[in-house]
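What follows is one structure encoded as structure tokens, with my remarks underneath.
When a ligand or atom number is given, it counts from 1 through the structure's own listing order. The residues of the chain are indexed from 1 along the displayed sequence.
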Amino acid sequence: MRFARLCSVGVWFAGLTLAAQVRAVPDRQQWFLTAGQSTYAVGVDDKNMLESLYWGPALPADATLLKAQSRAERSSNDGPMNTTPLEYPAWGGGLQLEPALKVDSPNGDRALVLVYDSSKVDSNQLEIILKDTVQPVRVHLHYQTYAEGVLARWSTVENAGRQPVRIEQAASGTWNLPAGTDYQLSWLTGQWGGEFQLHTAALLNGAQVLESRRGSTGHQANPWFSIGREGQTTETAGPVWFGELGWSGSWRINVERTALDQVRVTAGYNPYDFAYVLQAGQTLDTPHVYAGYTAGGQGEASRILHRFQLAEVLPLGPTPKPRPIIYNSWEATEFRVSEAGQMGLAEKAASLGVERFVMDDGWFGQRKDDHAGLGDWYVNKEKFPNGLKPLIDRVHTLGMSFGLWVEPEMVNPDSDLYRKHPDWAMHFPDRQRTEARNQLVLNIAKPEVKAYVFNWLDKLVTDNDIAFLKWDYNRNWSEPGWDSAPGEKGSPDAAREIYVTYVQNLYDILQKLRAKHPKLEIESCASGGGRTDAGILRYTDEVWPSDNTDALDRLSIQDGFTHAYSPQTMAAWVTDVPNYLDRRVIPLQFRFLVAMQGALGIGNDLNKFSADDMELSKRMVAFYKGVRTTVQQGRLYRLQRPEGREASQVEYVSPDGAQAVVFAYLHSQQYGMVQPQVSLQGVDPNARYRVRPLDETKYTGEAVVSGAVLLGSGLPLQLRGDYDSTAVILERQ
Ligand code: DGJ
């Protein structure tokens with residue numbers, strides 16, 4: 001260790017001391033990055049190129065690896081660029097695989113060959129600078145280790161010359177896995193009303209592309225991946241290499257198994273329709289990728305991401321307050337909001353124990369339906385003759401905070417804003433603008449549009465006592481143009497920086513708003529879960545995962561969601577039956593227990609509730625308050641996943657291990673079969689737990705049970721009939 005330099009920080013989590021450190025071994029030109037229980041290592045090879053050396057279980061503090069060696073030409077068709085596991089491969093020098101970077105230089109040179117230049121270690125951060133052998137282009141590779149078990153990577157491309165260069169493709173990083181033929185990929189796809197569907201399949205030769213070309217994160221795929229080993233990796237065990245991209249614009253994750261069975265993942269900006277011109281001296285930062293390795297299966301990979309998001313990503317981390325129980329008016333009233341109507345709902349919501357009342361769409365401009373009003377953010381005088389104050393005051397008197405729906409990035413052509421500034425909407429010259437939900441996207445990449453959006457939001461929150469904004473975003477991009485901007489923005493290449501600048505400006509607006517109004521909380525909603533990613537979660541406190549509130553569908557949506565995101569960020573409402581989407585009728589308790597898997601909310605038309613419904617709801621809300629911190633901030637165990645099964649169970653264990661809660665659901669009863677018991681996880685085998693069932697009749701075990709028994713054989717629960725459900729709290733003695 002004579003030549004090693006070590007920088008380290010640590011955290012204590014659930015009985016484990018976890019380290020975040022960067023260790024340089026200068027005589028071998030190697031760097032070891034330890035994050036929790038995993039290590040990642042890179043090194044400079046004999047050709048002065050940076051290689052990925054290791055990604056797996058944590059290595060001892062004095063571990064070294066053989067000096068990196070570039071691969072020899074395997075055949076004239078498989079040159080070293082394609083067989084050497086390069087840490088940040090640029091297109092050039094014969095690279096035929098997915099590049100992390102592709103740049104055009106002014107003299108027509110379209111290649112880059114990046115070699116090592118220098119490095120810097122600072123606490124738990126590492127920066128390695130690569131430079132091209134010919135062009136004045138440098139790339140700064142940034143690494144940051146987190147004790148929660150995550151390694152963040154991003155890169156900065158720098159034009160160190162005097163002429164502009166044009167970036168065609170830029171990734172945050174490339175991740176090389178140990179060579180192998182038995183990998184399986186898990187990924188999330190979806191649709192409106194059916195987000196976060198989890199898939200797992202063998203990783204075959206070729207490339208699998210997970211992406212959004214939509215200008216935003218998208219419902220159709222989520223920027224998360226997880227790679228395991230076939231036959232080894234399960235929910236509870238086996239190796240998992242996982243990661244997620246923190247970017248809310250068009251993105252791409254390319255998972256490639258080469259013809260020679262090397263596996264690499266490249267994640268960053270989507271190169272589709274992309275260009276970013278770097279003037280002399282300018283830089284472009286790529287989004288952060290948060291990745292990790294665990295030997296503890298898919299469940300542990302999720303728990304690492306959950307605790308990382310709570311501690312390091314969410315704006316109010318490292319100890320964000322648990323989410324309040326909200327009421328939201330959307331499914332009850334849709335656009336038909338009024339002062340009296342909202343006050344009536346607020347009174348009923350408060351009597352249930354709700355803590356925040358949120359008025360959804362319909363309160364502003366000439367908004368009667370989705371044809372008009374977006375862009376005109378004044379209070380509709382017909383619906384609220386005295387402004388929002390009387391309603392907000394009433395909500396406060398009832399002991400709740402107030403939240404409001406906004407959709408700041410959109411404009412209806414039928415609005416004063418659009419009539420005044422038609423050029424503020426994204427468009428191409430002389431071409432019909434494609435509407436979706438009768439609306440267009442405002443180009444917040446333009447400084448004046450960005451300023452307008454910030455100013456009205458700032459005024460809204462300054463003039464009204466608003467604790468929470470539900471920030472909606474209901475369509476994808478079309479005609480992402482910038483023709484009327486001054487100067488060089490009119491050039492086709494420069495205009496494409498919209499893919500970067502729009503999202504940066506969105507983040508800026510959110511960040512400035514939060515800085516000016518530190519108590520303000522924000523939900524990211526995009527027709528449901530269309531903007532759920534680790535980038536938006538830096539500026540928002542939760543997301544709305546889906547407009548589908550049917551409790552049965554929600555089970556699989558929420559199961560997929562928690563693979564990538566913390567339950568604290570997962571807003572979930574109980575709503576009316578028959579469900580508006582599926583027409584399914586599910587008992588109220590089941591609906592509550594499903595919504596309790598995340599941040600509980602209520603979206604029912606409470607005017608239709610019977611006295612029994614009100615009573616049961618009060619009981620459910622009180623029960624949730626007793627377990628909310630455990631659910632939102634504890635360790636989640638997906639005991640029995642819902643997909644394709646008649647029953648499912650989830651368990652949460654509080655960070656200090658003092659409380660656990662199990663939610664059990666019988667989706668459909670068949671043949672009168674009694675459901676088998678499911679072993680618990682994450683409890684202490686040496687402890688004893690007092691059992692507090694929600695329904696005395698559905699738990700047939702003892703009042704105090706040993707942790708070893710719970711781990712061995714689970715809880716004896718009696719669920720009978722379609723959509724029966726229950727919950728059990730365990731308190732460590
Ligand atoms: C889409 C959201 O996902 C819904 O919850 C609701 O807010 C509507 N927009 C309002 O237009």
message: Tell me the contacting part of Glu407 for ligand 1: side chain, backbone, both, or neither, using a 4.0 Å heavy-atom threshold, strictly below.
response: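 Neither; no heavy atom under 4.0 Å.
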message: Please classify the Asn474 to ligand 1 contact at 4.0 Å (heavy-atom distances, strictly less than): side chain, backbone, both or neither.
response: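 Under 4.0 Å from ligand 1, Asn474 contributes side-chain atoms alone.
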- prompt: For residues Asp533 and Thr217, is any side-chain donor paired with an opposing acceptor at under 3.5 Å?
  reply: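 Distance-only check passes for Asp533 and Thr217.
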message: I'd like to know if the side chain of Asn412 and the backbone of Ser415 have a donor-acceptor N/O pair within less than 3.5 Å.
response: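 No; judged by distance alone, with no hydrogens or angles, the pair does not exist.
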Hey, are the side chains of [X] and [Y] touching, using non-hydrogen atoms and a 4.5 Å cut-off?
X: Asp553; Y: Asp582; value: yes
X: Trp573; Y: Tyr327; value: no
X: Thr549; Y: Arg554; value: yes

field: Single hit among Phe468, Trp363, Phe364 for side chain to side chain contact (heavy atoms under 4.5 Å, CB included) with Leu404
entry: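 In the set Phe468, Trp363, Phe364, the residue that makes a side chain to side chain contact (heavy atoms under 4.5 Å, CB included) with Leu404 is Trp363.
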At a 4.0 Å threshold, what atoms of ligand 1 neighbour a non-hydrogen atom of [X]?
X: Gly528; result: 3 (O)
X: Lys470; result: 4 (C), 5 (O), 6 (C), 7 (O)
X: Cys525; result: 2 (C), 3 (O)

message: Would Arg437 count as a contact residue for ligand 1, given that I'm defining contact as a non-hydrogen atom of the residue lying under 4.0 Å from a ligand atom?
response: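 The answer is yes: ligand 1 sits under 4.0 Å from a heavy atom of Arg437.
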Give the residue and atom name of whichever protein heavy atom lies nearest to [atom], and the separation in Å to one decimal.
atom: atom 7 (O) of ligand 1; answer: Asp360 OD1, 2.7 Å
atom: atom 11 (O) of ligand 1; answer: Asp361 OD2, 2.7 Å
atom: atom 3 (O) of ligand 1; answer: Asp547 OD1, 2.4 Å
atom: atom 2 (C) of ligand 1; answer: Asp472 OD2, 3.2 Å

message: Name the residue from Lys470, Lys321, Arg514 that meets the salt bridge (charged side-chain N to carboxylate O under 4.0 Å, His left out) definition with Glu521.
response: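 Answer after filtering Lys470, Lys321, Arg514: Lys321.
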